[in-house]
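The structure under discussion appears below in the form of structure tokens.
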Protein chains: 2
Amino acid sequence: MISSPQTESLIKETAKKVLFQKGLLYATTQEIADEAGVNRALIHYYFRSREHLIATLFEEAIAERKARFLNILGMDAPLQTKIATFIDVFIDRATQNPHIDNFIIGEMIRRPNEVKFFCIKDSKLKERLQLQLDEEISKGTIKPISLTHFLVNLSSLCNYPILAKPILQTIHGMSELGYKKFLQERKKVIFKTIFKNNFQNGTSDPAIH
Amino acid sequence: MISSPQTESLIKETAKKVLFQKGLLYATTQEIADEAGVNRALIHYYFRSREHLIATLFEEAIAERKARFLNILGMDAPLQTKIATFIDVFIDRATQNPHIDNFIIGEMIRRPNEVKFFCIKDSKLKERLQLQLDEEISKGTIKPISLTHFLVNLSSLCNYPILAKPILQTIHGMSELGYKKFLQERKKVIFKTIFKNNFQNGTSDPAIH
DNA sequence: GTCTATAACAGGATAGAC
DNA sequence: GTCTATCCTGTTATAGAC
């Protein structure tokens, strides 16, 4: 039906759309093929098996997430700027692909052994973040906390509202639009929850303006 | 193989175990029957269809969660006690059933229309919490924040580390035991993240001791 | 109430024509 | 590279014996 060598990436992009955006976490090859407007057999032609297609998406999703994580937290900037950027990027990204974390977690549960992901233990990044965190603590802008808990707090506050979108929407009675506004508000809230002081007006902060 | 009228609840409890504890979110009727040691046909005898069994578990899971939520936040106590109890109960409960939130969220994504859950908007509970929150804010023990964001902060900090267990374990390199210790530590960390002051020693706080 | 047997079907995968 | 046809397996569901 659709010609040419872009078919492979068409299938991959469609599969992402179906799994990550639509949230059809059990999507069959038929559903993916239909959505892409290609024949089901082509999925096997390009990806050998459904399992292999899923594994490919899974690895790419993790690689992308890892890159964002390391790029932002590894950049040469004050901790406050890093955190503000982290919040901004992760919330915006998750808004576009609301179910990607559900997918990743589901896959990791499904095959607990094959999981690779990445580990920041004993890395240079960890040492540098630790120094920056200690500095903020001694300045009094952050309450005493271990680096691990600090990072988990940050991830929790950013990711949970996306992950649990349907729960939040019903508990707090939010429309689709209300939810979107809520997520944007959250950027400031998360920052204020983590830091004792607020960002000053006029600083070059990408998230708060 | 196993006699008697408790078979219905045996199937239900086993299905919970398989779905919530083992994390086999796609579990087939065969797997559930095997685990329970009963014949597969009995699942249909008692629950008509697989879909119907899942729906039953889903509704009960939500009802249980709602009850806990309302009981704890609705009790007659200072806000700090409510929050400490909330943290304690939710983390301990989630430790026993690590995948229940994945299940709930997955089901809600799967059928966005049928979702009931519950809504605290315009409830008496909401008004009372709002008063307590305002009080804490004026006392200076909590930074200015809306009730919705306050509750989402609380849920995020409690639930994300459970929901994203496999991610946290790999990123921060935690063993199974390390993860358990980490969750217990978190009870204090979450409380300190939400309240400006710490709990005094000697108060009758169920979570911090 | 519990079991066996079997129907009915969906999904993944492959072979082979074009 | 793309399609049709087909195979095969696993899964749900039901009928009917006990």
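Chain A is the first sequence line, chain B the second, and so forth, proteins listed ahead of strands; every chain is numbered from 1.
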Handout entry: Integer-rounded Å distance: D:dT11 C1' and B:D34 CG
Key = 13 Å
Exercise for the section: Report, as a single string ordered 5' to 3', how protein heavy atoms within less than 4.0 Å touch nucleotides 13-18 of chain C: B base, S sugar-phosphate only, - not at all. Expected result: BB----
Problem - B:R68 CZ: over 12 foreign heavy atoms closer than 6.0 Å - result: yes
Exercise for the section: Is it possible for you to check whether B:R65 lies under 6.0 Å from the centre of the six-membered ring of B:F90, through NZ or CZ, and within 45° of that ring's axis? Expected result: no
Handout entry: Polar contact flag, side-chain donor to acceptor under 3.5 angstrom, A:Q96-A:D92
Key = no
Practice task
Return the value, rounded to whole Å, for the distance between atom CG of B:L24 and atom C1' of D:dG10.
Solution key: 16 Å
Practice task
Check the distance between C:dA5's P and B:N39's CG and give it to me in whole angstrom.
Solution key: 11 Å
Handout entry: Residue A:T7, side-chain atoms from C-beta onward, closest of D:dT4, C:dG1, D:dT2
Key = D:dT2
Handout entry: B:Y26 vs D:dT11: side-chain N/O to OP1/OP2 distance below 4.0 Å
Key = no
Exercise for the section: Would you tell me whether B:K82 and B:Q132 have side-chain atoms, one donor and one acceptor, within less than 3.5 Å of each other? Expected result: yes
Problem - Parallel, tilted or perpendicular, as decided by the 30° and 60° cut-offs, for the rings of B:F150 and B:F195 - result: perpendicular
Exercise for the section: Give the rounded distance in Å between these two atoms: CD of B:E31 and P of D:dG10. Expected result: 12 Å
Problem - Atom pair distance, as rounded to whole Å: CD in B:Q30 and P in C:dA10 - result: 20 Å
Fill in the blank from the handout: Atom NE2 of A:H52 and atom C1' of C:dG12 are separated, to the nearest Å, by 15 Å
Problem - Rounded interatomic separation in angstrom, taking CZ from B:F47 and C1' from C:dG1 - result: 14 Å
Exercise for the section: Rounded to the nearest angstrom, tell me the gap between atom CD1 in A:I43 and atom P in D:dG1. Expected result: 16 Å
Handout entry: Contact check, side chains of B:E185 and A:H149, non-hydrogen atoms, under 4.5 Å
Key = yes
